[in-house]
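Residue numbers start at 1 and run along the sequence shown. The model shown is predicted, which means the values in this text are computed figures rather than measured ones.
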Amino acid sequence: HRDLDDVIRSTPVVFLRGRGPELVLDYVSPNVEAVLGYRAGELVGRPDWLVTIVHPDELETTEATIAASAARREERDTTDLRFVTADGQTRAMYVIIRRAFAEDGTWTFTGTLLDITERKATEEALRQARDEAERADQAKGEFLSGVSHELRTPLNAVLGFGQLLEQSALAAEDRASVEQILKGGRRLLGMLEGVLDLTRVDAGRLTLSIEPVDVDEVVHDAADLVRPSAFEHGVTIALPPRSRPAAFVSADRHRLKQVLHNLLSNAASYSPDGGLVEVTVAAGSTAGRWRISVRDTGPGVPVELQSRLFQPFERSWAAVR
């Protein structure tokens, strides 16, 4: 037994043995002194040992749980409990209780106590850090949303007056300037919409409006937005003909158009002067699905940088323009 006690002293696990329903201990491993500060002899034979070592806030619940488990003849219980050390400190312990029941209603038990105070402290620190990050993320989202909405008001005025000027009689040079104003304003408006979408995604509030969508129509609408800037650099945007049977899908029309606009805009920007951007629409391998492909004559993404694709705000290579 002396050799066994020497082995147990070197472990952080305290072992108990006793009988119920009185819960009197007949053995406590000697390392209880190192873990909780009590000598084994202070706990053995005492029916009130729970009162001594279990935290007062958890004593009543612990006693009720033990009685209920024994009444149900449960052979094993596990729980986390707070214990009080001999010098008044609070330690978190992981407790495993095993019971063996006799025919006369009595039972014996063994207990294993593992100190998890440091683990609990780490979990609490992580929880607090997560809560702080969530609060910061919420504040960021509210700030971005507020700024975006504030910028939309003067920007709508700029676009509105720009459209009025566009409809008036202007010299060619002035008309070109107005077109640049409108082009820049629409681009900025699209960026603000993207910021708002980002805040909605972060907050889990981005909703989709699913409806039947004509793929050809959305593809041509997205291309119409990109074609003026592509034309300036001689980049041709080749689209599938509308004459084939219409391809309808269930989708959010605005989001689908937004994705296609981004793809086409990037393709045009990364294509050299006189380049080609080709869009194809073909039936997918699954019934009811369609594949939209965008191919351009740009240099492509270097192999060593492809792992950075789809990372937020990543821009590892330069556009042609």
Side-chain angles (χ1 to χ4, degrees), residues 148 182-183 185-321:
S148 299
L182 290 173
K183 183 186 299 182
R186 293 188 182 105
R187 182 173 178 81
L188 182 56
L189 185 61
M191 293 172 63
L192 291 178
E193 290 291 344
V195 170
L196 287 174
D197 282 348
L198 179 62
T199 60
R200 296 186 189 109
V201 170
D202 285 345
R205 296 197 302 265
L206 183 65
T207 58
L208 298 177
S209 178
I210 305 300
E211 60 181 327
V213 175
D214 185 335
V215 175
D216 283 339
E217 180 182 331
V218 175
V219 167
H220 281 77
D221 284 352
D224 287 343
L225 296 175
V226 177
R227 189 171 278 111
S229 60
F231 179 77
E232 292 179 6
H233 300 279
V235 175
T236 301
I237 299 180
L239 302 178
R242 293 176 182 265
S243 58
R244 61 179 176 77
F248 280 90
V249 295
S250 294
D252 183 311
R253 189 181 192 283
H254 173 70
R255 305 298 173 196
L256 179 57
K257 181 178 176 181
Q258 189 177 39
V259 170
L260 290 172
H261 175 263
N262 288 338
L263 288 172
L264 292 170
S265 178
N266 283 337
S269 297
Y270 286 88
S271 292
D273 289 356
L276 172 67
V277 175
E278 185 179 12
V279 182
T280 59
V281 178
S285 57
T286 304
R289 293 181 179 272
W290 292 83
R291 179 184 295 275
I292 304 173
S293 301
V294 178
R295 182 187 301 271
D296 64 71
T297 54
V301 181
V303 174
E304 64 272 15
L305 298 179
Q306 289 180 7
S307 62
R308 301 184 187 181
L309 288 172
F310 308 114
Q311 299 302 315
F313 310 113
E314 182 66 48
R315 189 185 181 94
S316 302
W317 54 95
V320 174
R321 287 174 292 282

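- Between the side chain of Ser229 and the main chain of Val226, a donor-acceptor pair closer than 3.5 Å is present.
- Considering CG of Asp214 and CZ of Arg253, their distance stands at 8.5 Å, rounded to 0.5 Å.
- We find the NZ-NE2 distance between Lys257 and His261 to be 8.5 Å, quoted to the nearest 0.5 Å.
- Of all heavy-atom pairs spanning Phe248 and Trp290, the tightest one is O-NE1, 4.1 Å.
- In this structure, Glu278 CD and Ile237 CD1 are separated by 12.0 Å, a value rounded to the nearest 0.5 Å.
- Side-chain N or O atoms of Thr297 include one that pairs as donor or acceptor with a backbone N or O of Leu276 at under 3.5 Å.
- The nearest pair of heavy atoms linking Pro272 to Gly298 is CD-CA, 4.1 Å.
- The CG atom of Leu256 sits 8.5 Å away from atom CG of Asp252, with the distance rounded to the nearest 0.5 Å.
- The CZ atom of Arg227 lies 9.5 Å from the OG1 atom of Thr236; values are rounded to the nearest 0.5 Å.
- Checking each of Val279, Val259, Leu263, Val249 against Ile292 for a side chain to side chain contact (heavy atoms under 4.5 Å, CB included) leaves exactly one that passes, namely Val279.
- Atom OG of Ser265 and atom CG of Leu260 lie 12.0 Å apart (nearest 0.5 Å).
- Pro241 approaches Asp216 most closely through the heavy-atom pair O-OD2, 4.2 Å.
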